[in-house]
Amino acid sequence: MDRVLLVTPTKKSADMLIGLLKDGGHFPKRIQIVSSGSEARRALIDHAFDLILINAPLPDEFGHEFATFASGTYNLSVVMLVKNDLAGSVAEQLEPEGIFILEKPLNRLLFYQIIRIAQATHIHIMNLTEENKKLRQKLDDLRVISRAKCLLIQEKNMTETEAHSYIEKNAMNHRKTRREVAEIIIQSFD
């Protein structure tokens, strides 16, 4: 865990949570401390984080609005600390969003376990996001190549196999990707 955003209303609670992170061997390389939901939103615009730790309630909101926003918009792991009498209802609302809820007063062992799970979740989310990005690129490439094949079939009276071979051969001969060749073909017919 490299970067943590700690959203907590008081310096005393910030110091306590930083101490817990240090004691558990989870001390991040960079930690940014803010005291409100609005400050936390600004911090997300300026910096990337691996984990957000919210100590509710915050002075300008309870914290669940920010937690939902951060988790959904930035695909971040979020751990929210809530008084034990509210934890059940908050968990019911936020756990479907992938937000971890911890009851206050904190149980150290449970805190450390949740932090580890949140770290693993963040890594998994980042891997899935990267895979999704690659698959979207592949689909986009296939659309462009298919468009070029259709143009070759319509304008040059090639069969689909001939159009495919034409694109493949040109890509190899000119040391370009199939997409680059397909884009050139599309431009030539426009």
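Just so you know, residue 1 is the first one in the sequence shown, and it goes up from there. Because the structure is a prediction, the values reported are computed rather than measured.
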- request: Any chance you could measure I52, atom CD1, to F66, atom CZ, to the nearest 0.5 Å?
  value: 4.0 Å

message: Quick check against the 3.5 Å criterion: does K104 have a side-chain atom that pairs as donor or acceptor with the backbone of A56?
response: yes

task: Would you check if I54 and V78 make a side-chain contact, meaning some heavy-atom pair closer than 4.5 Å?
output: yes

Atom pair NZ (K134) and CG (L139), whose distance is rounded to the nearest 0.5 Å: 15.0 Å

field: Nearest atoms (heavy-atom pairs only) where S77 meets A118
entry: OG-O, 2.8 Å

query: Looking only at atom types and distance, does a side-chain atom of D50 sit under 3.5 Å from a main-chain N or O of R3, one as donor and one as acceptor?
result: yes

task: List the steps and the verdict of side-chain contact (heavy atoms from CB on, under 4.5 Å) for Q119 and I117.
output: CA-CA 5 Å; Q119 286 175 309; I117 291 169; over 6 Å; no

message: Closer than 3.5 angstrom, by distance alone: can the side chain of H174 be matched with the main-chain N or O of N170 as a donor-acceptor pair?
response: yes

task: Could you tell me whether a side-chain N or O of S188 sits under 3.5 Å from a main-chain N or O of I185, the two making a donor and an acceptor?
output: yes

- prompt: Mind checking whether L86 and V7 sit in one hydrophobic cluster, side chains of I, L, V, M, F, W, Y counted as touching below 4.5 Å?
  reply: yes

SB check E168 R178 (cutoff 4.0 Å): yes

Worked check of side-chain contact (heavy atoms from CB on, under 4.5 Å) between I101 and V79: CA-CA 6 Å; I101 306 300; V79 177; over 6 Å; no

field: Heavy-atom side-chain proximity of F69 to H64 below 4.5 angstrom
entry: no

message: Does M126 form a side-chain contact (heavy atoms from CB on, under 4.5 Å) with N75? I'd like the steps, not just the answer.
response: CA-CA 8 Å; M126 291 298 96; N75 291 327; 4.2 Å; yes

field: Side-chain donor/acceptor of T73 to backbone N/O of A70, under 3.5 Å
entry: no

message: Would S38 and S36 count as a side-chain hydrogen bond (donor to acceptor under 3.5 Å, both in side chains) here? Give the steps.
response: CA-CA 5 Å; S38 58; S36 68; 3.3 Å; yes

query: Where does the angle between the aromatic ring planes of H47 and F49 fall among parallel (under 30°), tilted (30 to 60°) and perpendicular (over 60°)?
result: perpendicular

- prompt: Can you check whether R108 reaches D23 side chain to side chain, under 4.5 Å on heavy atoms?
  reply: yes

query: Heavy atoms, side chains only, cut-off 4.5 Å: are I31 and L21 in contact?
result: yes

message: Is it true that, when you exclude R41 itself, more than 12 heavy atoms of the residues, nucleotides or ligands shown sit nearer than 6.0 Å to its CZ?
response: yes

- prompt: Is I123 linked to I99 within one hydrophobic cluster, defined over Ile, Leu, Val, Met, Phe, Trp and Tyr using a side-chain heavy-atom separation of less than 4.5 Å?
  reply: no

- prompt: Can you check side-chain hydrogen bond (donor to acceptor under 3.5 Å, both in side chains) on E39 and S35, steps first, answer last?
  reply: CA-CA 7 Å; E39 285 181 73; S35 61; 2.8 Å; yes

- prompt: At what distance, to the nearest 0.5 angstrom, does CD1 of I114 lie from CE of M80?
  reply: 14.5 Å

- prompt: So, do L94 and F100 sit near enough that their side-chain heavy atoms are less than 4.5 Å apart?
  reply: no

- request: Report yes if some heavy atom in the side chain of L106 is under 4.5 Å from a heavy atom in the side chain of L102; otherwise report no.
  value: yes

- request: Find the distance between CG (L53) and CD1 (I115) and round it off to the nearest 0.5 Å.
  value: 5.0 Å

- prompt: Are the side chain of D2 and the backbone of K29 linked by a donor-acceptor contact shorter than 3.5 Å?
  reply: no

field: pair L5-L51: side-chain heavy atoms closer than 4.5 Å
entry: no

Side chain E183, main chain V144, donor-acceptor under 3.5 Å: no

task: May I ask you to decide if R136's main-chain N or O and D140's side chain share a donor-acceptor pair within less than 3.5 Å?
output: no

field: Check against side-chain hydrogen bond (donor to acceptor under 3.5 Å, both in side chains), N127 and E131
entry: CA-CA 6 Å; N127 289 340; E131 183 180 339; over 6 Å; no

- request: Please answer: with hydrophobic residues joined when any side-chain heavy atoms are less than 4.5 Å apart, are Y166 and F189 in the same cluster?
  value: yes

- prompt: Can you find a pair of side-chain heavy atoms, one from F62 and one from V82, that are under 4.5 Å apart?
  reply: yes

query: If you round to the nearest 0.5 Å, how far is CG of L20 from CD1 of I18?
result: 10.5 Å

ILVMFWY cluster, L152 and I145 together (side-chain gap under 4.5 Å): yes

field: Whether S71 side chain and T68 backbone form a donor-acceptor pair below 3.5 Å
entry: no

message: Within this structure, what is the CG-CG distance for the pair L128 and L135, rounded to the nearest 0.5 Å?
response: 10.5 Å

- prompt: Got a donor-acceptor contact below 3.5 angstrom from the E95 side chain to the E92 backbone?
  reply: no

- line: Result for side-chain hydrogen bond (donor to acceptor under 3.5 Å, both in side chains) between K149 and one of E160, E162, H164 points to H164

field: Full working for side-chain contact (heavy atoms from CB on, under 4.5 Å) between K11 and I33
entry: CA-CA 9 Å; K11 182 173 177 2; I33 304 165; over 6 Å; no

- prompt: Are I184 and I167 connected in a single hydrophobic cluster, I mean Ile/Leu/Val/Met/Phe/Trp/Tyr linked by side-chain heavy atoms less than 4.5 Å apart?
  reply: no

